[in-house]
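These numbers were taken from a predicted model, which means no experiment stands behind them. Computed over heavy atoms, backbone and side chain alike; hydrogens, waters and symmetry mates excluded. One-based numbering, in listed order, for ligands and for the atoms of each.
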Amino acid sequence: MIYYLITKMIETQSRGKETQGGQVGSGKVDSGPVMFLSQICDGLEKSRAIYTVCELDVANQLENKPEPVDKLAKEIGCCPDSLYRLMRALTTLEIFKETDDRVFQHTELSEKLRDQRYRDLVLLHGGPLSFNSWRDLTSTIRNGKSDSNKLFGKPSVWEYFKEHRDEEKIYNTAMTTYTNCLASNIVGIGDFSKCETICDIGGGQGAFLTHILKSNKNIKNAINFEQHCTVECNKQGGCPERDQRIKDHPGDFFTDKIPEADIYIMKSILHNWTDDQAVKVLKNVANSMKQGSKLYVYDIVLGNEKNEQQGVGVWLDIKMFQLMNGRERSLKEFEKIAREAGVKIGNVQKTPQSFSPSLIEFQKA
Ligand SMILES: C[S@@+](CC[C@H](N)C(=O)[O-])C[C@H]1O[C@@H](n2cnc3c(N)ncnc32)[C@H](O)[C@@H]1O
């Protein structure tokens with residue numbers, strides 16, 4: 001049915017807006033927008049469906065050959081007809097294929113869900129933290145700020161993770177997966193050729209540092225400045241190919257002294273915070289910077305001009321707002337926080353892909 005509706009919607013859209021649907025009361029209803037809006041709002045059902053197969057780990061139970069759903073349901077321990085209906089729905093998204101009546105086989109995409117790294121992405125986006133945080137965007141928009149205490153019972157995501165270590169682990173792995181996916185677009189835009197000591201501020205599991213170190217053998221010391229809990233998590237494994245030069249340094253980037261380095265990097269950090277908080281972090285980094293050292297901030301740079309096309313950054317902006325009261329920024333907005341923090345912006349290297357962060361270079365004023 002969903003597949004039918006989507007197909008119909010696409011047909012309708014490709015014909016333009018000519019279709020006038022049935023009458024409701026005295027008003028005409030245009031079926032194109034109805035189908036388009038339903039498809040967008042159905043995102044929640046699809047997100048829950050993919051999340052559920054990942055939580056049940058269906059992909060790892062399904063063998064490399066076609067398998068009857070009844071057998072699969074027995075192995076997983078769930079109702080055969082329910083699992084059948086879930087998997088049948090997912091076939092419309094090319095997740096599983098029904099090769100015979102109630103018999104399923106993997107597709108290229110469902111195969112990926114066998115791998116913890118891909119499964120963690122789904123579990124993060126559909127997990128309790130994310131699901132609860134989206135419960136009330138209306139209040140955030142009305143009040144101009146998101147109330148994490150009301151949404152997920154803690155003053156911040158980071159406090160929430162302290163009591164939900166399983167979700168923290170999923171978050172850290174998912175960040176590493178994103179970094180591994182984007183690294184080839186962004187490692188080359190920074191100049192590390194004269195760097196001996198590098199410090200990644202909030203570097204997670206150390207994945208980005210690992211990519212930088214791979215192509216910069218001149219770097220002798222690599223410091224991963226991270227929260228205590230993340231450092232503890234890293235001791236239990238995380239980034240498998242982590243470079244041996246990386247040393248974790250526990251600390252809080254708002255209050256603790258950041259070690260001296262030639263180059264500091266911050267990837268996907270400032271967008272987690274309000275302007276006031278971002279200024280505080282920048283000031284703290286600037287206190288540790290010596291003359292000549294640089295800070296490379298890797299974040300999305302939103303278009304400044306009205307006619308500049310906005311990419312996924314504006315959606316990431318809403319996500320950061322709802323989850324952490326953070327924001328994506330335009331160059332003008334980065335310049336404003338730089339001024340307030342008493343640092344200046346040097347080179348800015350934009351990446352062509354709207355989903356890749358750009359590099360904004362900060363120096364001591
Ligand atoms: C969005 S993640 C980015 C991780 C990594 N830079 C990357 O791009 O994959 C934000 C990181 O900031 C760290 N963080 C949050 N608050 C912090 C604080 N007060 N001091 C140090 N690190 C913090 C988190 O533990 C998390 O790893």
Side-chain angles (χ1 to χ4, degrees), residues 117 120-121 124-125 129-130 133 148 154-165 167-187 190 198-213 222-235 238-239 241-242 246 248-259 263-274 276-285 287-288 295-300 313 316-317 319-328 351 355-360:
R117 294 170 305 171
D120 277 352
L121 283 188
L124 172 68
H125 287 279
L129 175 67
S130 178
S133 78
S148 56
K154 286 284 157 196
S156 73
V157 166
W158 317 110
E159 291 301 315
Y160 175 90
F161 281 151
K162 284 182 188 156
E163 284 178 21
H164 297 83
R165 303 318 284 259
E167 286 183 64
E168 183 194 23
K169 196 159 171 268
I170 288 173
Y171 175 85
N172 290 338
T173 321
M175 288 305 119
T176 293
T177 301
Y178 278 125
T179 297
N180 289 341
C181 171
L182 297 174
S184 60
N185 298 337
I186 55 175
V187 166
I198 186 169
C199 177
D200 191 352
I201 301 166
Q205 296 182 324
F208 192 39
L209 270 180
T210 298
H211 284 282
I212 293 172
L213 292 171
I223 306 158
N224 182 32
F225 186 88
E226 253 296 347
Q227 301 192 88
H228 285 263
C229 51
T230 310
V231 168
E232 283 311 305
C233 232
N234 288 349
K235 284 184 190 154
C239 176
E241 306 90 21
R242 191 174 140 124
I246 303 173
D248 281 328
H249 184 117
D252 180 331
F253 52 47
F254 286 105
T255 51
D256 291 336
K257 185 168 169 33
I258 296 166
I263 296 186
Y264 297 86
I265 56 175
M266 283 204 282
K267 181 175 144 309
S268 310
I269 298 296
L270 292 184
H271 77 161
N272 292 158
W273 304 97
T274 62
D276 286 349
Q277 291 165 321
V279 167
K280 218 170 158 195
V281 178
L282 284 174
K283 276 185 178 164
N284 197 27
V285 181
N287 280 340
S288 291
L295 163 67
Y296 288 164
V297 166
Y298 297 84
D299 256 330
I300 298 275
L316 199 54
D317 177 58
K319 191 196 282 278
M320 290 305 127
F321 187 17
Q322 183 62 358
L323 206 58
M324 309 180 170
N325 275 310
R327 64 185 308 136
E328 301 302 331
T351 40
F355 54 85
S356 276
S358 297
L359 187 163
I360 310 121

When rounded to the nearest 0.5 angstrom, what distance separates [atom1] in [X] from [atom2] in [Y]?
X	Y	atom1	atom2	value
Asn287	Leu282	CG	CG	11.0 Å
Asp248	Glu226	CG	CD	8.0 Å
Gln205	Thr177	CD	OG1	8.0 Å
Ile300	Leu316	CD1	CG	6.0 Å
Leu124	Met175	CG	CE	5.5 Å
Asp200	Ile263	CG	CD1	12.0 Å

Are the side chain of [X] and the backbone of [Y] linked by a donor-acceptor contact shorter than 3.5 Å?
X	Y	value
Tyr264	Ile258	no
Gln277	Thr274	yes
Ser148	Lys154	yes

Numbering the atoms of ligand 1 from 1, which are under 4.0 Å from a heavy atom of [X]?
X	answer
Gly204	27 (O)
Asn272	1 (C), 10 (C)
Tyr171	1 (C), 2 (S), 10 (C)
Trp273	16 (N)
Thr179	7 (C), 8 (O), 9 (O)
Gly251	20 (N), 21 (C)

Check [X] against ligand 1 and report side chain, backbone, both or neither, counting heavy atoms closer than 4.0 Å.
X	result
Phe208	neither
Tyr178	neither
Thr176	neither

Which residue supplies the protein heavy atom nearest to [atom], what is that atom called, and how far is it?
atom	answer
atom 7 (C) of ligand 1	Lys267 NZ, 3.5 Å
atom 21 (C) of ligand 1	Phe253 CD2, 3.2 Å
atom 12 (O) of ligand 1	Ile269 CD1, 3.5 Å

Short N or O distance, [X] and ligand 1, threshold 3.5 Å exclusive:
X	value
Phe225	no
Gly202	yes
Thr230	yes
Asp252	yes

Original post:
Should the pair Phe161 and Tyr171 be assigned to parallel (<30°), tilted (30 to 60°) or perpendicular (>60°) ring geometry?
Top reply: tilted
**OP:** Hey, can you tell me if Tyr296 and Tyr298 have their rings parallel, tilted or perpendicular (30° and 60° cut-offs)?
**Re:** perpendicular
**OP:** Name the option, out of Gln227, Glu226, His271, that contains the heavy atom nearest to atom 26 (C) of ligand 1.
**Re:** Glu226
